[in-house]
Amino acid sequence: MSEKIYIETYGCQMNFADSEVVGAILQEAGYGLVDSLEEADFVLINTCAIRDNAEQRVRHRVRELRAQQGRRRSLRIGVLGCMAERLQSRLMAEEDNVSFVCGPDAYRRLPSLLEQVRAGRQAAEVELSTTETYADIEPVRLASNGISAYISIMRGCQNYCSYCVVPYTRGRERSRDPQTIVDEARRLFDDGFREVTLLGQNVNSYDWHLAGDEGRVDFPELMDRVAAIDPRLRVRFATSHPKDLSDRLLQVMAARPNICRCIHLPVQSGSNRMLKLMNRKYTVEWYLDRVEAIRRYVPDCSITTDVIAGFSTETLEDHQATLDLFRRVRYDYAYMFKYSLREGTYAWKHLADDIADDEKTRRLNEIIALQGQIALENNRIEVGREYEVLVEGESHRSKERLFGRNSQNKVLVFDRGDAQPGTYRTVRVVDCTAATLLGELV
Ligand code: 5AD
Ligand code: SF4
């Protein structure tokens, strides 16, 4: 009987996509994938290193698994992803119930890693690559609803924002062959999927040079090709860097209604002094110009963001500038974080982590409160509007209700009527909270 693998994933969408590649590689090597820990011979934990609390969660989980291992001595634990890359063998020294670590560019070596572990050795594979994109691997769709899927289109990041560990854990930027991306999206559509999200740390720098002098495929061109597969296939993308958000992309969006009306555009701070220290390579003025371009080309587009509170030397004025920017842009959603100092980054070497933790918390809470109010006000404007919704499944609260998303990525909940998951229905908004629109089938 084949040995069984259980994969647990933490962190960003990219990690969830990577776990599906890992699943495919191990299945190909003869392992069985299971969705419960109890049946597993190997637990693989795909990890995030972006903030210290993400790493603490994983360490907590690893220690919790020790109890399981007490009961079943054969259970072995491996750590994958960004935390494995960052800590390498150090992690096995610090958490002695971890048998192996494997970084994000080394997943093809997992079968041989597992062989070594079965032979009783600890093992680490953490080499980064300048070319690996796993382009030829058809991911297994883990925990899939059969409706929406991730497609990874590029890997790595070399923007070197001064606070960020990703360039060190995921290596140089590289794009995946566009033909393999279009083929994967088409197969998903043929299998009944209706939504794909193209993923990369910085999708706008997607760039593929065709053989000979046949030119190149950049991100707008790639989006156009994927959107051309079928108007019933929704196409989303994440994440965009403001410095590279081109008018061309917005023009392609305007021409293709099935490219979803939602752009995630991390701002990080509303203060030019902070943006410079963060090495973000744009100013507040540039950012607002991009927001205006989005509103001009794609007027019904929602905009979401990431922001960091309490970065090195942030003054109350800098913080106020962030609040002001939030009031101007009026985001539909924001991921909001306290600054967390990461070993190895430029900020770790050169910039003091000098805002007290409770002050970071205070500033963060102020941003959260403001954003909550803005999201509620934005949603109130939606009441009375009708949207085409891709129905995804049962609402978590009630079996009588279904939920889905509109093109703007807002969740709508409505009485199920005769609607079926995986189909498009028109829903009228009748009420709202800050997080959800309540609607009825039209
Ligand atoms: N501390 C806090 N937040 C961070 N992010 C990245 N690095 C850090 C850090 N050191 C946030 C940024 C990024 C998101 C994925 O995580 O806002 O856009
Ligand atoms: Fe976390 Fe960033 Fe790695 Fe994703 S790429 S897992 S967000 S550190």
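Both backbone and side-chain heavy atoms feed into the values below; hydrogens, waters and symmetry mates do not. All of these numbers come straight from a predicted model, not from anything done at the bench.
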Under 4.0 Å between a Lys/Arg side-chain N and an Asp/Glu carboxylate O for Arg66 and Asp96?
yes
Dump the intermediate steps for salt bridge (charged side-chain N to carboxylate O under 4.0 Å, His left out) on Arg363 and Asp318, then the final yes or no.
CA-CA 11 Å; Arg363 293 181 194 179; Asp318 296 318; over 6 Å; no
Spatial distance of atom OG (Ser19) from atom CG (Asn46) [nearest 0.5 Å]
4.0 Å
More than 12 heavy atoms of other groups within 6.0 Å of Asp35 CG:
no
Students often mix this up, so state it plainly: with edges at 30° and 60°, are the rings of Phe337 and Tyr335 parallel, tilted or perpendicular?
parallel
Given side-chain hydrogen bond (donor to acceptor under 3.5 Å, both in side chains), test Thr180 with Asp177 step by step and report yes or no.
CA-CA 6 Å; Thr180 67; Asp177 182 339; 5.0 Å; no
For Phe189 and Arg232: C-alpha separation, side-chain torsions, deciding distance, then whether side-chain contact (heavy atoms from CB on, under 4.5 Å) applies.
CA-CA 9 Å; Phe189 181 76; Arg232 289 165 297 170; 3.6 Å; yes
side-chain contact (heavy atoms from CB on, under 4.5 Å) between Glu366 and Gln320, worked out:
CA-CA 10 Å; Glu366 228 167 72; Gln320 280 303 329; 4.2 Å; yes
Decide yes or no on side-chain contact (heavy atoms from CB on, under 4.5 Å) for Val217 and Arg225, but give the supporting numbers first.
CA-CA 10 Å; Val217 177; Arg225 291 188 187 186; 3.7 Å; yes
From CG (Asp207) to NE2 (His209), nearest 0.5 Å
4.0 Å
Please give me the minimum heavy-atom distance between Val267 and Thr305, naming the atom from each residue.
N-OG1, 2.9 Å
Qualifying residue, where the test is side-chain contact (heavy atoms from CB on, under 4.5 Å) with Glu55 and the options are Leu91, Leu87, Val165:
Leu87
Looking at every heavy atom in both Asp52 and Ser340, which two are closest together, and how far apart are they?
N-OG, 3.0 Å
What's the separation between atom CZ in Arg261 and atom CD in Gln408, rounded to the nearest 0.5 Å?
8.5 Å
Minimum heavy-atom separation for Ser175 to Thr133, with atom names?
O-CG2, 3.6 Å
To the nearest 0.5 Å, what is the distance between CZ on Arg425 and CG on Leu441?
5.0 Å
Would you find more than 12 non-hydrogen atoms of other residues, nucleotides or ligands less than 6.0 Å from Arg61 atom CZ?
yes
Tell me, do Leu65 and Ile45 make a side-chain contact under 4.5 Å, heavy atoms counted?
yes
Step by step, work out the side-chain contact (heavy atoms from CB on, under 4.5 Å) result for Asn202 and Lys243.
CA-CA 10 Å; Asn202 180 8; Lys243 77 177 164 62; 4.2 Å; yes
Assess the residue pair Asp244 and Lys281 against the criterion (salt bridge (charged side-chain N to carboxylate O under 4.0 Å, His left out)); give the C-alpha distance rounded to whole Å, side-chain angles, the decisive distance to 0.1 Å, and a yes or no.
CA-CA 10 Å; Asp244 302 318; Lys281 306 181 182 88; over 6 Å; no
Between Tyr387 and Arg405, is there a side-chain heavy-atom distance shorter than 4.5 Å?
no
With sequence neighbours excluded, residues passing side-chain contact (heavy atoms from CB on, under 4.5 Å) with Ser312
Leu351, Asp354
Within the supplied structure, the quantity of interest is the number of heavy atoms (other residues, nucleotides, ligands) at a distance under 6.0 Å from Glu38 CD; does it exceed 12?
yes
Heavy-atom nearest pair, Phe414 first then Gly404, reads CE2-N, 4.1 Å
Point-to-point distance, once rounded to the nearest 0.5 Å, from OG1 of Thr361 to CD1 of Ile355
12.0 Å
So Glu125 and Arg109, salt bridge (charged side-chain N to carboxylate O under 4.0 Å, His left out) or not? Walk me through it.
CA-CA 7 Å; Glu125 290 281 3; Arg109 271 171 257 146; 2.8 Å; yes
Polar side-chain atom of Arg72 near backbone of Ala40 as donor-acceptor pair, under 3.5 Å
yes
For atom NE2 of His60, decide whether the heavy atoms of other residues, nucleotides or ligands shown that lie under 6.0 angstrom number more than 12.
no
Are Arg118 and Asp41 within salt-bridge range, i.e. N to O under 4.0 Å?
no
Less than 4.0 angstrom from a charged side-chain N to a carboxylate O is my criterion; do Glu377 and Arg330 meet it?
yes
Are there over 12 heavy-atom neighbours, none belonging to Glu127, within less than 6.0 Å of that residue's CD?
no
Should Thr313 and Arg273 be marked as a side-chain hydrogen bond (donor to acceptor under 3.5 Å, both in side chains) after you check the CA-CA gap, both sets of side-chain angles, and the distance that decides it?
CA-CA 10 Å; Thr313 75; Arg273 192 179 73 83; 3.2 Å; yes
More than 12 non-hydrogen atoms from neighbouring residues, nucleotides or ligands closer than 6.0 Å to CD on Glu400, yes or no?
no
pair Arg141-Leu188: side-chain heavy atoms closer than 4.5 Å
yes
Taking C-beta and beyond as the side chain, do Leu265 and Tyr331 meet within less than 4.5 Å on heavy atoms?
no
Pairwise side-chain contact, Glu184 with Arg176, heavy-atom cut-off 4.5 Å (strictly under)
yes
Going from CE on Met14 to CG on Leu199, what distance comes out if it is rounded to the nearest 0.5 angstrom?
6.5 Å
Between Tyr10 and Glu8: side-chain donor-acceptor atoms closer than 3.5 Å:
yes
Nearest heavy-atom approach of Cys301 to Cys262 is SG-N, 3.5 Å
Any ring-ring contact (aromatic ring centres under 6.0 Å, His included) involving residues 143-185? Give me the pairs, sequence neighbours left out, ordered by first then second residue.
Tyr160-Tyr168
Who are the side-chain contact (heavy atoms from CB on, under 4.5 Å) partners of Val117, not counting sequence neighbours?
Phe42, Arg76, Ser99, Phe100
Salt bridge present between Glu132 and Arg174 (N-O < 4.0 angstrom):
no
Are Asp332 and Asn409 packed together at the side-chain level, in the sense that at least one heavy-atom pair is separated by less than 4.5 angstrom?
no
Please report the shortest heavy-atom distance between Leu80 and Ala84, naming the atom on each side.
C-CB, 3.8 Å
Salt bridge between Arg63 and Glu95, side-chain N to carboxylate O under 4.0 Å?
yes
Taking the side chain as everything from C-beta on, heavy atoms only, tell me whether Arg236 gets closer than 4.5 Å to Gln13.
no
Find out whether Lys410 and Glu382 are in side-chain contact, i.e. whether some heavy atom of one side chain is under 4.5 Å from a heavy atom of the other.
yes
May I have the step-by-step check of salt bridge (charged side-chain N to carboxylate O under 4.0 Å, His left out) for Arg172 and Asp105, ending in yes or no?
CA-CA 11 Å; Arg172 309 284 296 171; Asp105 285 345; over 6 Å; no
I'd like to know if the side chain of Glu314 pairs up with that of Tyr339 as donor and acceptor (distance under 3.5 Å, no hydrogens or angles considered).
no
Between the side chains of Arg86 and Glu343, is the shortest nitrogen-to-carboxylate-oxygen separation below 4.0 Å, so that they form an ion pair?
yes
